Amino acid sequence: MSSRKPLVTHIYTADPSAHVFEGRMYIYPSHDLDLEVEENDNGDQYQMTDYHILSQDRPDGPTTDHGEALHLKQVPWASRQMWAPDAAFKDGKYYLYFPARDKDGIFRIGVAVGTRPEGPFVPEAEPIKGSFSIDPCVFRDDDGQFYMYFGGLWGGQLQCWPTGRFIADAKTPPEDAPALCPKVAKLTPDLLQFATTPADAVIVDKAGAVLKAGNNTARYFEGPWMHKYNGTYYLSYSTGDTHLLCYATAKSPLGPFTFRGSFLSPVLGWTTHHSIVEFQGKWYLYYHDSTLSGGVSHRRCVKVQELVYEADGSIRPMEA
Ligand code: FUB
């Protein structure tokens, strides 16, 4: 199955985090606004204010938009820019994780709770303590432990935390220095806080050396996703300015992750962001591009296509 059509065309959508809940595919995307704004490297063009949850009976079937599930004005700590979300389920409750800028303009990660996969969700009064940057991905391991992977460069501010304190004008490391890594933390049993201090999910090359900051066709930029296939942990992500989706694998959810390559050709538009999910024995890649707006980077649309593993566990490269 290869469906290259937008899942929905009545709104712009991006950053799809797909999960199977209650035997149905639920997609948690960003909701891009139809704004005339100039693009810049700080991501000021991404001024999203709410989330709509989508669902499908099957990936090549029709898509339902369940309407607004959470709005910026409901979140006491947030000021603007509701970026890429994710969701999790535990003990009868659904959790929507989302980044937004706080009142000081610093990205934090919040959580909102509901009883249905499509919401509505009620936000916690404060962001997750010790959270920063963007693009949460919440992964449940087979032993029931939940992990959050997160972080994004430039407008996503990951480079602003070199010492654990926010430095607004901090730069990314020099090209020959180790690249910045996504962060990973265990979640508390109630899924509302970090149980551990966020640590680097280190990505190394086949020789075991940490990828260099200048290696921008391989190093991490944003949009982490974690899935497990045949007992191996797959950390996949966007390389940002080179517009690739890459992956690295490990025997532990905490890494280190060994770089394996890219698996999606660059999409139309600057950003590339995805999720990988199994449904009825097949694997699917949900991703976005900007075809619905003719290439405007902040007016994107979510798509899906089947993902295939080779016998050695590598992901067969796909055309966007
Ligand atoms: O949608 C806003 C930002 O663009 C996301 O948080 C990034 O992953 C990129 O897709």
Side-chain angles (χ1 to χ4, degrees), residues 6 11-18 27-35 37-54 70 72 78-87 96-102 105-110 127 131-138 148-160 180-183 216 219-226 235-247 264 266-276 285-293 295-303 320:
I11 55 173
Y12 292 111
T13 55
D15 307 325
S17 293
I27 301 118
Y28 297 81
S30 299
H31 175 198
D32 283 354
L33 296 178
D34 192 1
L35 298 176
V37 283
E38 264 187 34
E39 294 182 16
N40 62 31
D41 283 350
N42 201 36
D44 292 334
Q45 60 273 33
Y46 302 104
Q47 289 294 340
M48 299 84 103
T49 55
D50 70 356
Y51 295 108
H52 283 223
I53 315 307
L54 310 177
L70 180 70
L72 178 65
S79 63
R80 61 196 164 101
Q81 293 188 299
M82 297 182 101
W83 284 11
D86 193 18
L96 180 72
Y97 297 90
F98 59 96
R101 287 188 195 252
D102 67 13
I106 298 174
F107 269 111
R108 305 285 180 184
I109 295 171
S131 70
F132 56 94
S133 197
I134 60 167
D135 290 0
C137 161
V138 173
M148 181 185 288
Y149 300 81
F150 65 94
L153 301 185
W154 304 353
Q157 301 177 338
L158 186 59
Q159 70 280 357
C160 298
L180 294 176
C181 306
K183 300 289 180 181
N216 68 348
R219 64 91 175 90
Y220 178 81
F221 190 91
E222 64 184 359
W225 186 256
M226 172 56 59
L235 172 67
S236 44
Y237 54 91
S238 164
T239 59
D241 52 346
T242 51
H243 319 292
L244 296 169
L245 289 180
C246 288
Y247 71 111
L264 187 72
V267 299
L268 180 68
W270 200 94
T271 63
T272 183
H273 189 121
H274 76 295
S275 57
I276 294 171
L285 172 73
Y286 283 79
Y287 62 107
H288 71 230
D289 64 24
S290 295
T291 50
L292 184 59
S293 64
V296 181
S297 284
H298 63 279
R299 290 183 218 145
R300 300 164 289 181
C301 58
V302 170
K303 296 183 171 180

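None of the values given here were measured: they were computed from a predicted structure. Counting starts at 1 for both ligands and their atoms, following the listed order.
Using a 3.5 Å distance cut-off with no hydrogens or angles, the side chains of S290 and R299 do not pair a donor with an acceptor. In the model, T13 has no side-chain atom that pairs as donor or acceptor with a side-chain atom of H288 under 3.5 Å. For the 3.5 Å distance criterion, the side chains of H274 and S236 qualify, holding a donor opposite an acceptor.
Not close to ligand 1: Q81, with no non-hydrogen atom less than 4.0 angstrom away. Within the structure, the closest approach of H288 to ligand 1 falls below 4.0 Å when heavy atoms are considered.
Between the side chain of S30 and the backbone N or O of D15, no donor-acceptor pair lies under 3.5 Å.
Counting only heavy atoms of the protein, atom 3 (C) of ligand 1 lies nearest to W83 CE3, 3.8 Å. The closest protein non-hydrogen atom to atom 10 (O) of ligand 1 is D15 OD1, 2.6 Å. Nearest protein heavy-atom contact of atom 6 (O) of ligand 1 is D135 OD1, 2.5 Å. Of all protein heavy atoms, the one lying nearest to atom 9 (C) of ligand 1 is E222 OE2, 3.4 Å.
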Would F150 and F132 count as a ring pair (Phe, Tyr, Trp, His ring centres under 6.0 Å) if you check the C-alpha gap in whole Å, the side-chain angles of each, and the deciding distance to 0.1 Å? CA-CA 9 Å; F150 65 94; F132 56 94; 5.2 Å; yes

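The shortest heavy-atom contact between W270 and S297 is N-OG, 3.1 Å.
Taking a cut-off of under 4.0 Å to the non-hydrogen atoms of H273, the atoms of ligand 1 that pass are 7 (C), 8 (O), 10 (O). Numbered from 1 in the order shown, with element, the atoms of ligand 1 that lie under 4.0 Å from a heavy atom of M48 read 1 (O), 2 (C). Taking every heavy atom of A84 and a limit of under 4.0 angstrom, the matching atoms of ligand 1 come to 6 (O). Near T271, meaning under 4.0 Å from one of its heavy atoms, ligand 1 places the atoms 4 (O), 9 (C), 10 (O).
Ring planes of Y220 and Y237: tilted class, angle from 30 to 60°. Between Y46 and H298, the ring planes are perpendicular. Angles over 60° get that label, and only those under 30° would be called parallel.
On a distance-only criterion, R300 and ligand 1 share at least one N/O pair closer than 3.5 Å.
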